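One structure is given below, encoded as structure tokens.
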Protein chains: 2
Amino acid sequence: MFVRVNAALADRPHTLGDLGLPSESNPIVSLNEFTYRKGTEIYGEKEPAEYVYQVKVGAVRSYKLLSDGRRQIGAFHLAGDIFGLENGNTHRFTAEAVVDTTVRLIRRQSLETVAESDAMVARNLLRMTTKNLQHAEDHMLLLGRKTSLERVAAFLLEMDKRMRATEVMALPMSRRDIADYLGLTLETVSRALSRLHELGIIGFLGNTQRQIVLLDRPQLTSLDLQG
Amino acid sequence: MFVRVNAALADRPHTLGDLGLPSESNPIVSLNEFTYRKGTEIYGEKEPAEYVYQVKVGAVRSYKLLSDGRRQIGAFHLAGDIFGLENGNTHRFTAEAVVDTTVRLIRRQSLETVAESDAMVARNLLRMTTKNLQHAEDHMLLLGRKTSLERVAAFLLEMDKRMRATEVMALPMSRRDIADYLGLTLETVSRALSRLHELGIIGFLGNTQRQIVLLDRPQLTSLDLQG
DNA sequence: CGGGGGCTTGAGGCCACTCAACGATAGTGG
DNA sequence: CCACTATCGTTGAGTGGCCTCAAGCCCCCG
């Protein structure tokens, strides 16, 4: 199932070396691991940001809530992704495990200490923040101006690009999660997926509805209007 | 009018010193000024990013377009704000002067050179990028989950906070700009403002409809659901 | 004074939401 | 092994909030 796919992904040489840290067993920066069960909170919005995280296996959602329960997911973090990098003292999102998820942790404090002396680490910090910013900027366009079908098409293409699972894409998240990411309801997401299925653009595999095959990528791309 | 208000704002000790540069007349970094007429483009999306800008007087909008013309404004830049800080080689937005606008410019190249050696400049670069990210994250919540009235209320509070013009708030941008910032149509924005007026929450001044008084800030705040 | 841009307001339509029913699946405990 | 339940997803019917289209006002500016 999805676990196998994600495990394959985790085999990529993705370590916190992305931050420019010398190696996996760095004496300065402690690299602990922790596993969160499906649905559990990793940290809450406005909590002090003590750690920075990297997904080893699994998936994480970062979201904000309005007081009446409306939820906006800002990003999904998949294997290899680093999250919780706030550069303020508190987290700006709540982070939860979408499925059983193993993460690596670094103390934010030690990371900042290293960044202070190491220009390359500092540069990578900026590069990653910029990447997050770019994603948020693109997502604003989606949330502000795209139709439901365009949003779902964009979502599938994004996930396909990021998971790079050959052939079958095994989504870890529910329709509700997708909806809250795209600013829609779960019914609208379901209808859009059904429509893409009818049109022969995507296919479903197995009896869980989370395994998707992109049958007609050009068609999907044309639905996702970019610039 | 708005010019007077903005001029007052520009008097604040806001210089590119915000980036940690030694002083206004820095020998390394050239600080030129330039004035753009209302409606003219400062740079285009995907153009190489040669300069970073700071608004001296006026206002700027940064936006993305879909191929069919739908527009999403990602941010307004007011007096003192720095924009065009892309940290890639190309701009990710198009920037236009909302009104006649004077900006200061620095060559991105020289800025990066300074950042390379000066840790404080590098840190400020990261801090500013993080601030932009935070704004984008909050805006995703607005675009994905808030009602039209909530969006307009949030907009007025944001502008009030940023312009800090005592008593009267003189918006430089049109209803269409506001709409494209909030992911609405100009008619919906107009109706929401009329509604806030009826409710006695805001007042209009003069015969232009861009001078607004916040009569009941608590009420407005309660309309803008936060976390 | 004529023209045009910006804003408001009304009428009607549509896309996404709400509410609801139903099937399928997985996990639980008798 | 089989109810029993909870969760997830799909689909339908109807509603509603925002969009579309249109008219009209006001002000500014040439």
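Numbers restart at 1 for each chain; the letters A, B, ... are given by sequence-line order, proteins then strands. What you are looking at is a predicted structure, and each value in this text was computed from that prediction instead of being measured.
Under the 3.5 Å distance criterion, the side-chain polar atoms of Ser194(B) are matched with a main-chain donor or acceptor of Ser190(B). For the pair Asp81(B) (side chain) and Leu78(B) (backbone), a donor-acceptor distance under 3.5 Å is present. Between the side chain of Thr129(A) and the main chain of Thr130(B), no donor-acceptor pair closer than 3.5 Å is present. Under a 3.5 Å cut-off, the side chain of Arg61(B) and the backbone N or O of Ile73(B) do not form any donor-acceptor pair. Checking side-chain atoms of Arg176(B) against main-chain N and O of Thr185(B) turns up no donor-acceptor pair under 3.5 Å.
Atom CZ in Arg176(B) sits about 18 Å away from atom P in dG4(C), given to the nearest Å. Put simply, CG on Leu196(B) is 16 Å from P on dC7(C), counting in whole angstrom units. The CG atom of Leu149(B) sits 18 Å away from the P atom of dG16(D) (whole-angstrom rounding). What separates NZ of Lys38(B) from P of dC28(D) is a distance of 12 Å, to the nearest Å. As a whole-Å value, the separation of Gln211(B) CD from dC26(D) C1' is 16 Å. Across the protein-nucleic acid pair, Arg37(A) atom CZ and dG27(C) atom P stand 12 Å apart, rounded to whole Å. The CG-P distance, from Asp100(A) to dG27(C), rounds to 11 Å in whole Å. At whole-Å resolution of the value, CZ in Phe204(A) and C1' in dT11(D) are 13 Å apart.
Nearer to the 5' terminus of DNA chain C, by closest-nucleotide assignment, is the contact made by Glu198(B) (compared with the other of Gln209(A) and Glu198(B)).
Applying the ring pair (Phe, Tyr, Trp, His ring centres under 6.0 Å) definition to pairs two or more places apart or across chains, those involving residues 183-206 of chain A are His197(A)-Phe204(A).
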Item to check | Residue pair Glu45(B), His91(B): steps toward the side chain to side chain donor-acceptor pair (under 3.5 Å) verdict | outcome: CA-CA 5 Å; Glu45(B) 191 177 346; His91(B) 288 294; over 6 Å; no
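Terminal axes of the helix from dC1(C)-dG30(D) to dG30(C)-dC1(D) (five pairs each, C1' rotation axis) are separated by 30°, to the nearest 10°.
Residue Gly206(B) is classed as having no contact, given no heavy-atom separation below 4.0 Å to the nucleic acid. Residue-level contact check: Arg210(A) touches the backbone only, with heavy atoms under 4.0 Å from sugar-phosphate atoms and none from bases. When heavy atoms are screened at a 4.0 angstrom cut-off, Gly183(A) is found touching the sugar-phosphate backbone but no base atom.
DNA chain D is contacted by Glu187(B), Thr188(B), Arg191(B) of residues 186-194 of chain B, taking any non-hydrogen atom closer than 4.0 Å.
For Asn207(B) and dC26(D), the shortest distance from a side-chain N or O to OP1 or OP2 is not below 4.0 Å. The phosphate of dC18(D) (OP1 or OP2) has a side-chain N or O of Ser148(B) nearer than 4.0 angstrom. For Arg175(A) and dT10(D), the shortest distance from a side-chain N or O to OP1 or OP2 is below 4.0 Å.
The ring-ring contact (aromatic ring centres under 6.0 Å, His included) test with His139(A) singles out one residue from Tyr181(A), Phe155(A), Phe76(A), and that residue is Tyr181(A). Each of Tyr63(B), Tyr53(B), Tyr51(B) was compared with Phe83(B) under the ring-ring contact (aromatic ring centres under 6.0 Å, His included) criterion, and only Tyr53(B) meets it.
Scanning all heavy atoms of the two residues, the minimum distance from Val152(A) to Val189(A) falls at CG2-CA, 4.4 Å.
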